[in-house]
Amino acid sequence: MIGIFVLLTSFFSFLYMAFPYIRKYFAGGVCTSTVQLPGKVVVVTGANTGIGKETAKELARRGARVYIACRDVLKGESAASEIRAATKNQQVFVRKLDLSDTKSIRAFAEGFLAEEKQLHILINNAGVMMCPYSKTVDGFETQFGVNHLGHFLLTHLLLERLKESAPSRIVNLSSVIHHFGSIYFRDLQGEKYYNRAFAYCHSKLANVLFTRELAYRLKGTGVTTYAVHPGIVQSELMRHSFLLCLLWRLFTPFVKSTQQGAQTSLHCALAEGIESESGRYFSDCRKAWVSPKGRNNKTAKRLWEVSCELLGI
């Protein structure tokens, strides 16, 4: 009994001493770019909270005109006020965008294009995670509809402005969880079978495939695109899973802060010399391994075509 007590005491003493090093290891990469953005225009979806908010804050700090595109305008205004105060940049704006409603997406794009003549960085950051089965306003399974189709349509509507503003960039937030995803074209809406965890994986794989095909179609335009795994981050995305919320609390030393989670998005939006890596998947501010399904050009092309059909574009 005394031996076990001594062993446990030693173990927890080791953890206590190692804690700073564990935190540093799991913090991941850091965006080291010093690029400033005066005169540049940026759109960040879901920037009213979490990783998106930290991303928007850093881009505003560098002098960009930042548009926070989010569903909850009140939260967006609160975030914008905080960012303006922290960065001394008053060019932070909030616009309504509900990615579960194609009419809202089109209204946002129409308003933005009338307001701004340039767009240099589009960060498709917003998303939902592991929510119970439901459908968007347009009848799409919610995770596939919001995480993939919503951003697919938004990017499509803003693409010409991005080309006109080149060099410009598109950053799509995916996840390492895409390794467990598959694209089931016969059941994209999960009507035959639905598991909310796997539905999330499928939508994150769709992000990777979308980025791959988009890069192919944008060759020679001056617009580049990147898929990003932000890391394991404590955010509001976890709200639909009690188990994940509990695990995140238990394993706090291994979980990134939202500021740390924003680093790879910032790297892909700002770093010089990565233009040739368009279409690639990044984690911890460097290229990362993509699942074989995420490298399938045939699937990427078919997903693009099916997405266009579903959205009527």
Between [atom1] on residue [X] and [atom2] on residue [Y], distance to nearest 0.5 Å:
| X | Y | atom1 | atom2 | result |
| --- | --- | --- | --- | --- |
| F112 | L97 | CZ | CG | 12.0 Å |
| L37 | L270 | CG | CG | 5.5 Å |
| I121 | S265 | CD1 | OG | 11.0 Å |
| S81 | Q90 | OG | CD | 9.0 Å |

Going by atom types only, do [X] and [Y] share a side-chain donor-acceptor pair under 3.5 Å?
| X | Y | answer |
| --- | --- | --- |
| S182 | K293 | yes |
| T155 | N124 | yes |
| S174 | N207 | no |
| Y67 | E116 | yes |
| Y133 | Q143 | no |
| T136 | D138 | no |

Quiz item: Is there a donor-acceptor contact under 3.5 Å from the side chain of S104 to the main chain of D98?
Solution: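 Yes, the answer is positive, given that a donor and an acceptor are paired below the 3.5 Å cut-off.
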Exercise. Please confirm whether the backbone N or O of L214 pairs with a side-chain atom of T225, one donor and one acceptor, at under 3.5 Å?
Key: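 No; judged by distance alone, with no hydrogens or angles, the pair does not exist.
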Quiz item: Has R286 got more than 12 heavy atoms of other residues, nucleotides or ligands less than 6.0 Å from its CZ?
Solution: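 For R286, atom CZ is not crowded (no more than 12 foreign heavy atoms under 6.0 Å).
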Self-check item: Pairwise side-chain contact, I313 with F152, heavy-atom cut-off 4.5 Å (strictly under)
Solution: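 Yes, their side chains come closer than 4.5 Å.
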Quiz item: Quick one: are T55 and I123 in side-chain contact, heavy atoms under 4.5 Å?
Solution: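 T55 reaches I123 side chain to side chain.
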Self-check item: Non-neighbouring partners of S278 that pass side chain to side chain donor-acceptor pair (under 3.5 Å), sequence neighbours left out
Solution: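 Here no residue qualifies.
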Self-check item: Aromatic contact, F210 with H151 (centres under 6.0 Å)
Solution: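 F210 vs H151: aromatic centres not under 6.0 Å.
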Practice problem: Kindly say whether the aromatic ring centers of Y184 and H202 come within a distance under 6.0 Å. | Solution: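 They qualify: ring centres under 6.0 Å apart.
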Practice problem: With sequence neighbours excluded, tell me which residues meet ring-ring contact (aromatic ring centres under 6.0 Å, His included) with Y226. | Solution: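 For Y226 the ring-ring contact (aromatic ring centres under 6.0 Å, His included) partners, ignoring immediate neighbours, are F282.
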